[in-house]
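Inspection log for the structure reproduced underneath, given as structure tokens.
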Amino acid sequence: MISDPTAFERYRNTATEKTNLPRLIIGTAIVVLFWVAITLVVVLGGTYLAIIWHVLPGDPRGPLQGFLASPIGILTALTSFAGIWLGLWLAMRFVHGEPLTALLGPSRRVSWPGFVKGLIAVLITSALSEVLLYCLQPEIARGAISLSTWLLFLIPIVALALLQTSSEEMLFRGYLMRGLARRFESPYVWALLPALLFTSLHWSPDSSLAINACVLASIAAFALLLTLVVYVTGNLGAAFGAHLGNNLTGFLLISHQQSYNSFALFNAKPLEGPDWTTTDAVIIAAIGIICTLLTILLLLHPRSPLKVTTDLRDTARVN
């Protein structure tokens with residue numbers, strides 16, 4: 001299913017001679033700097049405005065956590081990912097001398113067929129995952145948000161979730177993976193390193209060690225999926241769609257995180273809770289990994305109607 005390296009070879013060879021290890025380190029530092037700076041500005045600024053306008057919900061953890069758990073706080077946190085886009089634009093423009101769109105693929109465009117297939121495949125397997133999780137823990141309740149309010153915020157949440165997920169794909173599967181692959185032949189470097197960095201960012205200090213381990217195992221499997229679709233297609237389109245489908249399920253349908261459930265129609269037992277056992281954690285990890293493997297089959301199996309392929313525009317661009 002994934003033996004042909006042609007598409008990825010075409011993708012990584014679009015990087016110029018200025019894509020070397022020192023410049024990658026400098027570019028990554030620029031991205032991190034702008035990501036952190038914009039996050040601090042919008043989150044702290046939003047918290048301050050919420051305090052002086054007396055619209056901050058009471059939270060025993062403090063005003064910052066209360067703001068981030070509120071609907072406006074979630075929207076504000078999602079906008080902070082614009083810092084990654086800005087940092088990547090600066091790094092590509094002034095460090096590597098390339099347009100930002102070079103990270104998308106050889107055609108410098110998103111493969112929309114791949115995007116749609118990635119989105120549909122993950123939505124299908126996410127539904128299966130929720131059914132299996134319900135069998136494990138049937139504790140589920142209707143969210144506080146009304147249907148009319150949910151519909152009102154539907155488009156903004158989708159747009160901001162796309163901003164978040166696409167920025168992460170541009171950084172981890174685009175900038176880092178493409179850049180490292182230009183310098184190193186071994187996938188243990190260009191595939192494993194970005195996946196490990198991506199996975200490590202999902203550690204939650206509010207969760208137990210067992211739950212963190214299960215979540216990180218599931219995220220690592222999902223990172224493998226995202227890496228494989230970029231390898232097979234040589235384009236970020238399918239990764240964009242898959243990542244968006246995964247996050248929309250949690251943001252809008254069934255939330256498993258108490259801190260990000262303001263817009264979800266249903267709330268499941270939060271993973272931050274103290275009542276999960278080690279056995280529960282193992283089962284949760286197994287469900288995540290199995291559903292990710294099913295997604296890989298949907299997107300890469302030759303007989304699957306959702307099989308992703310190289311965008312013809314990417315081929316034409318090189319030829």
Side-chain angles (χ1 to χ4, degrees), residues 1-15 81 85 88 98-129 154-155 157-178 181 191 194-195 198 221-249 251-253 291-319:
M1 292 190 294
I2 55 174
S3 58
D4 187 1
T6 304
F8 187 71
E9 289 295 323
R10 187 183 298 119
Y11 176 51
R12 72 173 173 182
N13 286 334
T14 59
F81 285 87
W85 277 98
L88 285 172
E98 294 185 82
L100 179 61
T101 53
L103 298 178
L104 297 173
S107 67
R108 297 182 179 178
R109 297 179 182 179
V110 173
S111 171
W112 291 111
F115 177 90
V116 172
K117 289 177 180 179
L119 177 65
I120 293 174
V122 169
L123 289 178
I124 291 172
T125 53
S126 291
L128 173 61
S129 173
L154 180 61
I155 293 178
I157 284 292
V158 171
L160 288 174
L162 180 58
L163 170 70
Q164 177 219 353
T165 54
S166 62
S167 69
E168 292 180 353
E169 291 311 304
M170 288 286 281
L171 174 58
F172 292 103
R173 255 65 61 181
Y175 184 74
L176 288 176
M177 196 167 93
R178 172 180 177 263
F198 174 76
F222 192 64
L224 171 63
L225 158 67
L226 298 171
T227 300
L228 287 177
V229 294
V230 173
Y231 180 82
V232 169
T233 64
N235 191 284
L236 295 186
F240 277 10
H243 201 159
L244 178 63
N246 180 77
N247 286 25
L248 285 182
T249 302
F251 279 134
L252 292 173
L253 299 179
C291 288
T292 297
L293 293 176
L294 290 175
T295 309
I296 292 174
L297 284 176
L298 284 175
L299 292 175
L300 300 184
H301 195 279
R303 295 184 180 180
S304 171
L306 296 177
K307 182 182 184 300
V308 292
T309 56
T310 305
D311 194 313
L312 293 178
R313 294 176 303 178
D314 288 329
T315 306
R317 179 82 183 187
V318 176
N319 293 340

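Note that the numbering runs from 1 along the sequence shown for the chain.
In this structure A195 satisfies the side-chain contact (heavy atoms from CB on, under 4.5 Å) test together with A223, sequence neighbours excluded. By the side chain to side chain donor-acceptor pair (under 3.5 Å) test, S304 is found to be paired with no residue, residues two or more places apart in sequence or in another chain being considered. Under the rule for a ring-ring contact (aromatic ring centres under 6.0 Å, His included), F240 has no partner lying at least two apart in sequence or in another chain. With sequence neighbours left out, T309 forms a side-chain contact (heavy atoms from CB on, under 4.5 Å) with K307. Under the rule for a ring-ring contact (aromatic ring centres under 6.0 Å, His included), F251 has no partner lying at least two apart in sequence or in another chain. Evaluation of the side-chain contact (heavy atoms from CB on, under 4.5 Å) rule for A238 yields V229, V308 as partners, not counting sequence neighbours. Residues passing the side chain to side chain donor-acceptor pair (under 3.5 Å) test with Y11: none are found, sequence neighbours excluded.
Nearest approach of P99 to R108, heavy atoms of both residues: CG-NH1, 3.5 Å. When all heavy atoms are compared, the tightest approach of L103 to G174 is CD2-C, 4.0 Å. The heavy-atom pair separating A242 from L226 by the smallest distance is CB-CD2, 4.0 Å. Between R10 and P106, the shortest heavy-atom distance links the atoms CG-CG, 3.9 Å. The two residues V232 and T310 come nearest to each other via the heavy atoms O-OG1, 3.7 Å.
A heavy-atom distance below 4.5 Å is not found between the side chains of M177 and Y231. Taking the side chain as every heavy atom from C-beta outward, L162 and F115 approach each other to under 4.5 Å. The shortest distance between side-chain heavy atoms of L228 and L299 does not fall below 4.5 Å. Looking only at side-chain heavy atoms (C-beta outward), V230 and L236 come within less than 4.5 Å of each other. Using a 4.5 Å cut-off on side-chain heavy atoms (C-beta onward), M170 and L100 make contact. V158 is listed as a side-chain neighbour of L252, based on a closest heavy-atom distance under 4.5 Å. Side-chain atoms of R109 and T101, non-hydrogen and from C-beta on, never get closer than 4.5 Å to each other.
With rounding to the nearest 0.5 Å, the separation of OG1 in T165 from CG in L160 is 10.5 Å. Summarising the geometry, atom CG belonging to L244 is positioned 9.5 Å from atom CD belonging to Q164; distances are rounded to the nearest 0.5 Å. Note that the CG atom of N235 and the CZ atom of F8 stand 12.5 Å from one another [nearest 0.5 Å]. Between the SG atom in C291 and the CG atom in L225 there is a gap of 12.0 Å [rounded to 0.5 Å].
N247 places no side-chain N or O within 3.5 Å of a backbone atom of A161 that could act as its donor or acceptor partner.
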Name each donor-acceptor pair under 3.5 Å that joins a side chain in residues 118-127 to protein atoms two or more places apart or in another chain, with its distance.
| residue | atom | partner | partner atom | Å |
| --- | --- | --- | --- | --- |
| T125 | OG1 | A121 | O | 3.2 |
| T125 | OG1 | V122 | O | 3.3 |
| T125 | OG1 | T295 | OG1 | 2.7 |
| S126 | OG | V122 | O | 2.7 |

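For residues 225-245, the set of pairs meeting the salt bridge (Lys or Arg N to Asp or Glu O under 4.0 Å) definition, not counting sequence neighbours, is empty. For residues 236-245, the pairs satisfying side chain to side chain donor-acceptor pair (under 3.5 Å) are E168-H243, E169-H243, with sequence neighbours left out.
There is a side-chain donor-acceptor pair under 3.5 Å between T14 and R178.
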